[in-house]
Structure formats: C-alpha cells, structure tokens
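Let me begin by presenting the structure, written as structure tokens, before commenting on it.
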There are 2 protein chains.
Amino acid sequence: MKTTKKYGKKQDLALSMWVKLARAYATFSKKSLENIRSFHLTEPQFSVLESLGHLGSMTIGTLCTKQLVSGGNMTLVVDNLEKEGLVQRIYNKVDRRTITIQLTPKGLSLFEDIFSQHAKHIEKLASVLSEKEQAELAKLLKKLGTGLSGTK
Amino acid sequence: MKTTKKYGKKQDLALSMWVKLARAYATFSKKSLENIRSFHLTEPQFSVLESLGHLGSMTIGTLCTKQLVSGGNMTLVVDNLEKEGLVQRIYNKVDRRTITIQLTPKGLSLFEDIFSQHAKHIEKLASVLSEKEQAELAKLLKKLGTGLSGTK
DNA sequence: CTTAAATAGTTGAAGGTTAAAATAATTAAA
DNA sequence: TTTAATTATTTTAACCTTCAACTATTTAAG
C-alpha cells in the first residue's frame, strides 16, 4: 500500500480512507468515461446534457453550481456543445446579464438516445457491490460529502 | 436530488451511489487542494513528491502506474517540478530508455516540511465521519475499486 | 547478424480546469 | 440621481489530461 504507517493511528485511518476514495473514483470514472466517449462526448459535456435533459434549461451560473466548476470552465464547455449543435444560448430580456442554455432538438434527441444505455452501464459497474453494500456506501458518502460542504 | 427515478430500482441505486461518490470525491479533493496550494504546488506535483518521498526514486513509467496517468502527462508534471528545482532526471546506463526521477535536496526538504501538516489536514477533513465509519467506508471503497479494476 | 516487435519517454493537438482580470448589467446607498 | 457594490459571463494565462505519432533503445526471431 501507498501510505506507510508514519503519522499516527487516526491520521493513517484518514489517509487510507482518502486514498481509497480517490482510487475508487478514478477507476469508476475511467470506466464510465469509456462509455461516454462511445457517444463522441467528453465527461463534462455529458454532464451538462444530463442536467439540461433531466432538469430543463438553466443559466450558465446554475450549471456551474450543479457541476461544481468555475464560470470560465462552463463557458468553454458550452461553447463546444454549441459548436456541435447540441445546445444553444438564449439571451434573456428580463436580466440581460444572464444567459439560458437549452438543448436543441438534436441535443434532446441525443439525450434521449443515450441515457438509458448509460444507466445500464453504471448499473453493471456498480454490481461489483451487492445492493445492500451500494446503499451503505451511498449513505456514508453522502454523510462525508454533505459534512465537508460546511467545513471551513 | 439530481437523478430522477426513471431507470428502475437497481439502476437508480447504482446511479445514486455513483453521483454521491463523484460529489464526495470532488468536495474532499477541493478541500485537500486548498491545503496543497498553500505550499505552491499543484495536486499532481504534490502526488509525485509524495511517491518519491515515501517510496524513493523511480522511473517515469513507474510514476505513471502509481498515479494512474499517461506518459505524456507525467513528462509535463516532471518538467514543471524540475523547473522548480524539486526533482531531477537521472539518465540510466543499464537501460538507456529509462529515466529515474529523484528528489533534489530542496525537494526532499519540502517533502519533509509539508507532509505531516498535510496528514493533519486530511485527518481533520475525514473527522466528519467517526473512526468506525471511516473504516467501513474504506472497506467498501476498496472492494469497489479493486472489483472494478478487473472489469472488461 | 539483421529485421521485426516491444518498451520508455517526448511531442503536439484538442479539451478541460482554475484564478484573476475585464465587461456588462443590475441593485443598493447616499 | 449619481455613485458604489454586486452579479453573470467572458477572456486570458498557466497547468493538467489524454491520445496518437514519433524517436531511441532493447529484445526476440529468423
């Protein structure tokens, strides 16, 4: 294993947990990405389509909040989706600072085509764990994630 | 919640688990990164120093395996660490295709300065969960990670 | 030995990522 | 109202990331 026991019991436990979280995420993410690439999309592009498809049109800023990324980043991802003709920018009349992103017909059609396939793929990957284990893992991850969000 | 229940019970469970894994990782990673940035290092630079400090000098290829990244990537990260005078390339005589990366005195000194601080920081973040929960989470994450590694 | 295949690392192109600075528009304060 | 502060998005610079093509070296086959 990576972390040699050198920092005391509590710290070793925390470091070990963090290493395993990072590795599990990296491995799962890589497998998921293989599937996404087969649709000729990048991971962040896919996530944006997913948000728009499931929740409807929203502003750049809202997309940033959902995906936990910076504004500069989202500008580029939306640019690239727009080049592909999958989304379009709608300039709002009410508040002219905001821009709403919506799926084009092509984008909506793609969304509908690929998401059930993708869900099947995720299910298959997760089946490394039993349903009970998945539920327990989800519970702990949620506690960790939400607990951290409030941290300084 | 993000995933609206539309894909059947098993798929919803898997999707929900995957969303929580991604969020917990993103949040923990962001908090950890704040600490790393205070040492004027990027995350991959920090990881390379960690490997070299804990495990000793190794080739570019071995670093790639440890960090699960591509060769082209590691070339750049090592370039940037070399510019900072933290590591150096050692051209091997035995097999002239390989290059060993080792810490400079400056790099070793930095490693020794920052790792106990970083371990404390990770411990603090992880303390959102009890020790028992951390152990349980680590166990499930390990099973997921190693189980996936063998998947097609 | 000579050629072919495999291995280690670098390079270049295309995207993603952040932080900081710059624009533009809205809201609040004096 | 005029000015100041805030909000939404874009731009830029620096770094990370992968994949595919390329160089150099080593190993294996004939």
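Convention: sequence-line order gives letters A, B, ...; per-chain numbering from 1. Note that this is a predicted model, so its numbers are computed, not measured.
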Check the distance between [N]'s [atom2] and [X]'s [atom1] and give it to me in whole angstrom.
{"X": "A/R96", "N": "D/dT10", "atom1": "CZ", "atom2": "C1'", "result": "17 Å"}
{"X": "A/D79", "N": "C/dA14", "atom1": "CG", "atom2": "P", "result": "16 Å"}
{"X": "A/L63", "N": "D/dT10", "atom1": "CG", "atom2": "P", "result": "11 Å"}
{"X": "A/Y91", "N": "C/dA24", "atom1": "OH", "atom2": "P", "result": "13 Å"}
{"X": "B/K83", "N": "D/dC16", "atom1": "NZ", "atom2": "C1'", "result": "13 Å"}
{"X": "B/I90", "N": "C/dG9", "atom1": "CD1", "atom2": "C1'", "result": "16 Å"}
{"X": "B/L41", "N": "D/dC16", "atom1": "CG", "atom2": "C1'", "result": "14 Å"}
{"X": "A/L33", "N": "D/dC16", "atom1": "CG", "atom2": "P", "result": "20 Å"}

| field | Closest nucleotide among D/dC16, C/dA24, D/dT10 to the A/R89 side chain | value |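 Side chain of A/R89 sits closest to D/dT10.
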| task | Please report the C-alpha distance between B/I101 and B/T59 in whole Å, then the side-chain angles of each, then the deciding distance to 0.1 Å, and finally whether the side chain to side chain contact (heavy atoms under 4.5 Å, CB included) criterion is met. | result | CA-CA 6 Å; B/I101 309 302; B/T59 64; over 6 Å; no
| remark: Judged by nearest nucleotide, the residue sitting upstream toward the 5' end of DNA chain C, A/V77 or B/T62, is B/T62
| query | Closest nucleotide of DNA chain C for A/E43 versus for A/K93: which of these residues is on the 5' side? | reply | A/E43
| With a non-hydrogen cut-off below 4.0 angstrom, is A/V94 in contact with a base, only sugar-phosphate, or nothing? | sugar-phosphate
| Is A/L68 touching bases, backbone alone, or none of the nucleic acid, heavy atoms closer than 4.0 Å? | sugar-phosphate
| message | Walk me through whether A/H118 and A/F46 qualify under ring pair (Phe, Tyr, Trp, His ring centres under 6.0 Å). | response | CA-CA 10 Å; A/H118 187 64; A/F46 182 87; 4.5 Å; yes
| said: Same cluster or not: A/L13 versus A/L144, using hydrophobic residues (I, L, V, M, F, W, Y) connected whenever any side-chain heavy atoms lie under 4.5 Å apart? | reply: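 No; A/L144 is not reachable from A/L13 via cluster members.
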State whether [X] places a side-chain N or O below 4.0 Å from either non-bridging phosphate oxygen (OP1 or OP2) of [N].
{"X": "B/T98", "N": "C/dA8", "result": "no"}
{"X": "B/N73", "N": "D/dT18", "result": "yes"}
{"X": "A/T42", "N": "C/dG16", "result": "yes"}
{"X": "B/N80", "N": "D/dA14", "result": "no"}
{"X": "B/Q67", "N": "D/dT17", "result": "no"}

| query | Is the base of D/dT9 touched by the side chain of A/R97 through a donor-acceptor pair closer than 3.5 angstrom? | reply |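 Not at all, since no donor on one side and acceptor on the other fall under 3.5 Å apart.
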| message | Nearest heavy atom decides the nucleotide; on that basis, is A/R37 or A/T75 closer to the 5' end of DNA chain D? | response |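 Taking each residue's closest nucleotide, the earlier one in sequence belongs to A/T75.
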| said: On DNA chain D, compare the nucleotides closest to B/L76 and A/G72; which residue's is nearer the 5' end? | reply: A/G72
| query | For A/L21 and A/L141, what are the C-alpha separation, side-chain angles and deciding distance, and is it a side chain to side chain contact (heavy atoms under 4.5 Å, CB included)? | reply | CA-CA 9 Å; A/L21 174 57; A/L141 287 168; 4.0 Å; yes
| Is a side-chain donor-acceptor pair under 3.5 Å present for B/Q88 with B/E82? | no
| task | Flag the pair A/I122 / A/S32 as yes when at least one side-chain heavy-atom distance between them is below 4.5 Å, and no otherwise. | result |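 They are in side-chain contact.
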